[in-house]
Amino acid sequence: MHPMLTANKSEPLTSKMTSKKVVELFYDVVSAYSWLSFEVMCRYRNVWNIDLKLRPAFLGGIMQGSGNKPPVLVPNKFMYMSKDLRRLSGYFGVPLQFPSDAFEVLFNKGSLSAMRFVAAIQEREKGGDQQVEKVSRELWRRIWSEDKDITEPKSLSEAGRKAGLSDNEIEEALVLSTSKEIKDKLKSTTQFALDNGAFGFPMLVCHVDGKPEMFFGSDRFELMAHCIGEKWVGPQPNTSARL
């Protein structure tokens, strides 16, 4: 069973329930499909009666722990993915563009430092995940829209500034991101996702009547809506909203 989550943001929670249905999004910015789910859930946060919890984790650990293979290692899957993302970009209204050297960016460089940075931002932030949301979005933009690096401290700093963080906040997060505390926290969240059935990202967990329902991917929103008693009206419920 997947327990409710807590104020400690990445730890299981057994305390009080909220009046809204809790939806947890486990994601990694190296995953383009996670960006799609992230934007949809952010849009539906005020359409559905949900309390969205962001759970930054490490996709590399999920793939290794579950025995799954990244799409870049499966030629036919990779070819399909490159076409699929072009179609999805217009449908979801998310500016997706494949990196020029996808294998190097997605497989060799990866996202470990970026996700530790996001985890550090979340650890520092008080009273919600506004900074986590903005920083995550800027990191997705860099890798999946602007073909820029997300591994170097300078790159993370640039994403932080675009997200509205001060230089002091960025420096504190960069230092914290290299600490054992944050490394262990990211490992813990990743293991928690594995223990609850993750084999890739995005993974969404909806808590319905005290029971968890897990959904994988960015194409299960209609089924999610059915399970939580809400209505799916497409990926852009407010068509006037733009990224």
Side-chain angles (χ1 to χ4, degrees), residues 5 9-10 23-42 52-73 77-78 81 84-85 88 92 94 96-99 102-123 129 131-152 155-156 159-160 163 173 177 182-205 214-220:
L5 296 179
K9 302 188 177 180
S10 65
V23 176
E24 303 172 73
L25 172 60
F26 292 82
Y27 69 93
D28 185 320
V29 298
V30 80
S31 163
Y33 292 98
S34 289
W35 192 10
L36 299 176
S37 287
F38 172 89
E39 295 298 351
V40 167
M41 286 294 94
C42 287
L52 179 62
K53 304 291 187 182
L54 299 180
R55 307 297 182 200
F58 180 47
L59 182 56
I62 295 294
M63 302 302 276
Q64 182 177 12
S66 66
N68 201 355
K69 290 184 178 180
V72 293
L73 298 183
K77 184 185 285 189
F78 181 69
M81 179 181 172
D84 192 41
L85 290 180
L88 290 170
F92 281 84
V94 176
L96 287 170
Q97 179 177 301
F98 236 75
F103 188 88
E104 174 69 14
V105 170
L106 305 181
F107 190 71
N108 288 340
K109 286 188 173 182
S111 59
L112 185 56
S113 59
M115 295 317 295
R116 285 174 176 169
F117 182 64
V118 175
I121 296 291
Q122 189 172 59
E123 181 66 18
D129 280 337
Q131 289 184 338
V132 175
E133 177 182 334
K134 292 176 181 179
V135 169
S136 297
R137 183 177 286 115
E138 291 303 329
L139 288 168
W140 266 305
R141 282 185 188 277
R142 289 184 68 84
I143 187 173
W144 284 108
S145 187
E146 300 169 355
D147 198 11
K148 293 180 179 178
D149 175 72
I150 62 164
T151 63
E152 299 296 330
S155 304
L156 301 176
S177 70
I182 291 302
K183 292 177 181 179
D184 288 347
K185 181 175 288 293
L186 190 64
K187 281 183 182 179
S188 176
T189 305
T190 302
Q191 187 60 50
F192 191 66
L194 277 169
D195 291 343
N196 286 277
F199 53 89
F201 284 159
M203 178 176 111
L204 293 123
V205 179
M214 190 269 271
F215 301 88
F216 167 75
S218 56
D219 58 354
R220 292 294 183 268

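We use all heavy atoms of the structure for the numbers below, so side chains are in, but hydrogens, waters and symmetry mates are not. Along the sequence shown, residues carry numbers from 1.
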Could you give the distance from CG (Leu59) to CE (Met203), rounded to the nearest 0.5 Å?
-> 12.0 Å
To the nearest 0.5 Å, how far apart are CD in Gln122 and CD in Gln131?
-> 11.0 Å
Note, Phe58 side chain near Thr189 side chain (heavy atom, < 4.5 Å) = no
For side-chain contact (heavy atoms from CB on, under 4.5 Å), just list the numbers for Ile182 and Glu123, CA-CA rounded to whole Å, side-chain angles, deciding distance to a tenth of an Å, and then say yes or no.
-> CA-CA 8 Å; Ile182 291 302; Glu123 181 66 18; 3.8 Å; yes
Should Tyr27 and Ser37 count as side-chain neighbours, where that means a heavy-atom distance under 4.5 Å?
-> no
For Asp184, side-chain hydrogen bond (donor to acceptor under 3.5 Å, both in side chains) partners two or more places apart | Lys180
NZ (Lys187) with more than 12 external heavy atoms under 6.0 Å | no
Using a 4.5 Å cut-off on heavy atoms from C-beta on, say whether the side chain of Val94 contacts that of Phe38.
-> no
Rounded to the nearest 0.5 Å, what separation is found between the CG atom of Asp28 and the CH2 atom of Trp35?
-> 14.0 Å
Separation between CD1 of Ile150 and CD1 of Ile143, rounded to the nearest 0.5 Å = 4.0 Å
Shortest non-hydrogen contact from Leu204 toward Met41 = CD2-CG, 3.6 Å
Any residue meeting ring pair (Phe, Tyr, Trp, His ring centres under 6.0 Å) with Phe216, in chain and number order, not counting sequence neighbours | Phe199
Heavy atoms only: give me the nearest Ile121-Ala173 pair and the separation to one decimal.
-> CD1-CB, 3.5 Å
Once the angle between the rings of Trp144 and Phe98 is folded into 0 to 90°, is it parallel (under 30°), tilted (30 to 60°) or perpendicular (over 60°)?
-> perpendicular
Phe103 and Leu73, any side-chain heavy atoms less than 4.5 Å apart | yes
Ser31: what forms a side-chain hydrogen bond (donor to acceptor under 3.5 Å, both in side chains) with it, not counting sequence neighbours?
-> Ser34
Across all chains, not counting sequence neighbours, the salt bridge (charged side-chain N to carboxylate O under 4.0 Å, His left out) partners of Asp149 are Lys109
Whether Glu138 side chain and Leu156 backbone form a donor-acceptor pair below 3.5 Å | no
Is there side-chain contact between Val205 and Val23, with heavy atoms separated by less than 4.5 Å?
-> no
Using 4.0 Å as the upper bound for N to carboxylate O, is an ion pair formed by Glu133 and Arg137?
-> yes
Quick one: pull up CZ in Arg116 and OG in Ser111 and give me the separation to the nearest 0.5 Å.
-> 10.5 Å
Within 6.0 angstrom of Gln64 CD, more than 12 heavy atoms from elsewhere | no
Heavy-atom nearest pair, Met81 first then Pro71, reads SD-CB, 3.7 Å
Quick one: does Phe26's side chain get under 4.5 Å of Phe201's, heavy atoms only?
-> yes
Please identify each residue that fulfils salt bridge (charged side-chain N to carboxylate O under 4.0 Å, His left out) with Asp147, with sequence neighbours left out.
-> none
Of all heavy-atom pairs between Leu52 and Cys42, which one has the smallest distance, and what is that distance?
-> CD2-N, 4.1 Å
Could you tell me which non-hydrogen atom of Pro202 sits nearest to which non-hydrogen atom of Ser218, and how far apart they are?
-> CG-N, 4.2 Å
Ser155 side chain to Thr151 main-chain N or O, any donor-acceptor pair under 3.5 Å?
-> no
side-chain hydrogen bond (donor to acceptor under 3.5 Å, both in side chains) against Gln191, all qualifying residues, sequence neighbours excluded = Asp195
Do the side chains of Leu88 and Tyr33 get nearer than 4.5 Å, heavy atoms only?
-> yes
Looking only at heavy atoms, what is the nearest atom pair of Leu112 and Leu186, with distance?
-> CD1-CD2, 4.0 Å
Do Val29 and Met115 come close enough that some side-chain heavy atom pair is under 4.5 Å?
-> yes
Mark yes or no for whether Asn68, through its side chain, and Met63, through its backbone, hold a donor-acceptor pair below 3.5 Å.
-> no
Can you tell me how far the NZ atom of Lys53 sits from the CG atom of Leu25, to the nearest 0.5 Å?
-> 13.0 Å
